[in-house]
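Can you read through this structure? Questions will come right after.
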Amino acid sequence: MGAPVRRYGIIPLHSREAARPERNRCHPTAGAVGDRRDRRCRVRPRARCCVTLLSSIQNPGDLRRLSEAQLVQLAAEVRAFLIESVSQTGGHFGANLGVVELTIALHRVFDSPRDQIVWDVGHQAYVHKMLTGRMREFASLRKWRGMAGFPKRGESPHDVFGVGHASTSISAALGMAVARDLAGQHHHVVSVIGDGALTGGMAMEALNHAGDVGSDLLVILNDNEMSISENVGAMSQYLTRLRTDPAYSRAKAELESVLKRLPGIGKPLTSTLERVKDSMRHLVVPGLLFEGFGFKYLGPVDGHDLPALVHVLEDAKQLRGPVLLHCVTQKGKGYASAEAAPDKWHAWPSPAKTPGPPSYSQVFGETMIELARQNQKVVAVTPAMLSGSGLTTFQKTFPRRTFDVGIAEQHAATFCAGLAAAGLRPVLAIYSTFLQRAYDQVIHDICIQNLPVVIAIDRAGVVGPDGETHQGAFDIAFLRTVPNIVILAPKDENEMRLMLYTALQQPGPVAVRYPRADGSGVPMEPFREIPIGTAEVLRTGEQLAIWAIGPMVEVCLRAADILATQHGVEAAVVNARSVKPLDESLLLAHAERMPILTVEEGAVMGGFGSAVMETLTARGPCVAVARMGLPDRFIEHGTRSEQLADAGLTEADVVRVALALFEEAEPATGSAVRS
Ligand SMILES: Cc1ncc(C[n+]2csc(CCOP(=O)(O)OP(=O)(O)O)c2C)c(N)n1
């Protein structure tokens, strides 16, 4: 048996006076223990050092040399460094400020990497990276070939599990705990999961399994009441009750003491009494939801009280079986603006945009308002990405027709299927990368029943600094094989509007995919339907046909100009628009006359180009075909243009491949189809 479970008092709600004015510069922390201001900053060598203790931490073991006061000092330095560093590079901000004390306490109490700390989502792992020898790397955070913004196994032995999507940590940690048990080892495994990520079905599945398996596992619930926007759902309300209701905790304490004093009155009565006691406990004991899952519940504990955290973690370490420590933190802690508006400071805000075309997400949000005004049946559904998807104003305009379902992509898809089955016209606003979570729901619940759900796929293609875990590479390849679905890809933001309008006129499911990018600044047309399955010839030419989709259309038009002016090759450029169904008659007509080059910002394997090849193989003439798209490897963090260059999707690449294809096809018309 492990040590008895200790209960920790309810803490007051976050005190606002803790908010300090922001100082986003390297500044000395006031004369606390270990402050040696003459030392040079390792991060900014020419600056006087604001992180004297922090720069002495080479690995987490160094934390164990520090006194309690020094740990508190270290937390201040970590915050100063975070503010300084992320203000320069950009990156996730609020969540990291919220876990400063928790991360220090974890690395003080546990022995990483022997003990395994698994982060959920991983956007809050910057402090973990600092304490595990990667301070110098912060200048390259989320930059091409620089340090990743998420834990990555290849980056450090302390990153025991790679991540970027939410709700995976309990499953992964449980796997590690079970592997440890089977190997007869004795280290600790800890999962750190946010209250937002806890809304994900996977987290529930893992809690359910962990309680059954019973392995030693510590789950730390980092409860800051926020997902990216305010957290939603009944679970969130339950956590709020645990956190904040002093009457609840007083009643709990009083009732527990009364129950303890109740006498046993003979055998038959005892069992009845026990049952009564048990059901009364269920009324008032906090954390019973988790205890029902087979976890010992500790907390809630103030996640900014470092000594208390160290203390409770030491206790938790002694316990056997699955344990859940409920830790209350404040997103953005220590930076006034981020405390006041944690949603806006989830990531460091991008510099004010120079006036220019709106982003696709913005246009999507505005279009949704117009469409909802026209059609009472239109409703919007988002799995926890309200602002990222451009739906903030839509929600304000149509609060009853907006559904933020939490980090629950699978539920979001089937919820839409239900809405559609009952006669509404749901639009599921979802990032390409997160749609991966809902594949079965798209097949089983939407497409088999041919329900008219519009799937608005944002961030399709490369996404920039979030990198590998967030690339929108696979949606065409995985959707294309599913019967009934129509897949559209606009060349610009105006076409996206028209496609959304068109999608809502269809009797079955339609996906519209668009990039994480600004539009081209084209004028917006009144709504009109684009005939499904028709492509658009934007440039004529008889020596080569370039079939492109999405933002690649613009790239190919520029490439075609170069081909004509510099190489004397006249290429047709086709905006395919409809990936499924394809405009087969136009494609076959082109294939009769010239080689075909396909270009897409999506996985080349199984993508749009594959659809073209399949059509030509089945019905076309023997013609040379080349495909360009995202390669069969994961593309790391960097800027969008670095990633497109890495993938070989620049206009120069299109020119190069087009010339090679043209030259290969030229001597012998009727050369074999190839890719
Ligand atoms: C499956 C999935 N859906 C959506 C997201 C986008 N996302 C990144 S962080 C985040 C909020 C996470 O909230 P929480 O787990 O409470 O962590 P916090 O930021 O509050 O620390 C969301 C929705 C994601 N990473 N993964």
Side-chain angles (χ1 to χ4, degrees), residues 14 91-103 118-128 149-151 162-172 191-206 219-233 235-236 239-240 243 303-304 326-333 338-339 342-348 381-389 391 404-413 428-439 441 457-459 463 465-472 516:
H14 310 309
H92 289 104
F93 188 60
N96 280 292
L97 287 176
V99 295
V100 171
E101 287 80 8
L102 176 60
T103 313
V118 183
W119 298 93
D120 209 284
V121 186
H123 62 310
Q124 79 292 52
Y126 294 4
V127 185
H128 160 80
F150 298 94
V163 64
H165 286 198
S167 318
T168 62
S169 65
I170 307 178
S171 303
S191 135
V192 185
I193 184 164
D195 54 309
L198 196 67
T199 60
M202 260 190 93
M204 295 299 154
E205 293 168 30
V219 174
I220 297 181
L221 170 58
N222 171 31
D223 178 6
N224 56 21
E225 301 171 73
M226 295 294 295
S227 191
I228 291 180
S229 307
E230 216 160 280
N231 202 10
V232 294
M235 170 65 91
S236 170
L239 295 177
T240 304
R243 216 172 27 231
H304 299 300
H326 184 179
C327 188
V328 178
T329 62
Q330 181 171 22
K331 209 163 174 173
K333 175 82 175 171
E339 288 184 5
D343 50 345
K344 294 200 177 67
W345 290 84
H346 178 74
W348 189 273
V381 176
T382 168
M385 302 306 285
L386 192 81
S387 65
S389 297
L391 285 172
D404 178 352
V405 301
I407 305 179
E409 289 79 9
Q410 300 172 331
H411 162 66
L428 172 58
I430 190 163
Y431 291 10
S432 169
T433 188
F434 303 139
L435 181 60
Q436 291 162 196
R437 282 270 165 104
Y439 190 40
Q441 287 70 16
I457 308 178
D458 198 342
R459 272 59 165 180
V463 296
D466 283 339
E468 285 167 307
T469 52
H470 285 61
Q471 305 291 16
R516 179 182 199 174

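No experiment lies behind these values; they were computed from the predicted model shown. Both counts, for ligands and for their atoms, begin at 1 and track the order of listing. Below, all heavy atoms of this structure are taken into account, side chains as well, without hydrogens, waters or symmetry copies.
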message: With heavy-atom distances below 4.5 Å as the criterion, would you say the side chains of Val232 and Thr199 are in contact?
response: no
query: Which is it for Ser389 and Asp458 under the side-chain hydrogen bond (donor to acceptor under 3.5 Å, both in side chains) test, yes or no, and what are the steps along the way?
result: CA-CA 7 Å; Ser389 297; Asp458 198 342; 5.0 Å; no
List of N/O pairs, ligand 1 versus protein, all under 3.5 Å?
unit_1, atom_1, unit_2, atom_2, d
ligand 1, 3 (N), Glu409, OE2, 2.7
ligand 1, 15 (O), Ala197, N, 2.8
ligand 1, 16 (O), Asp195, N, 3.4
ligand 1, 16 (O), Asp195, OD1, 3.3
ligand 1, 16 (O), Gly196, N, 2.7
ligand 1, 16 (O), Met226, O, 2.9
ligand 1, 19 (O), His123, NE2, 2.7
ligand 1, 19 (O), Lys331, NZ, 3.0
ligand 1, 20 (O), Asn224, OD1, 3.0
ligand 1, 20 (O), Asn224, ND2, 2.9
ligand 1, 20 (O), Met226, O, 2.8
ligand 1, 21 (O), Asn224, ND2, 3.4
ligand 1, 25 (N), Gly164, O, 3.0
ligand 1, 26 (N), Ala166, N, 2.8

message: Does the plane of the ring in Trp345 sit parallel, tilted or perpendicular to the ring in Phe93? Use 30° and 60° as the thresholds.
response: tilted
message: Quick check for you: to the nearest 0.5 Å, what is the distance between Lys331 atom NZ and Ser227 atom OG?
response: 6.5 Å
- request: Could you check whether the rings of Phe434 and His470 sit parallel, tilted or perpendicular, using 30° and 60° as the cut-offs?
  value: perpendicular
query: Can you name the residues that form a side chain to side chain donor-acceptor pair (under 3.5 Å) with Asn96, not counting sequence neighbours?
result: none
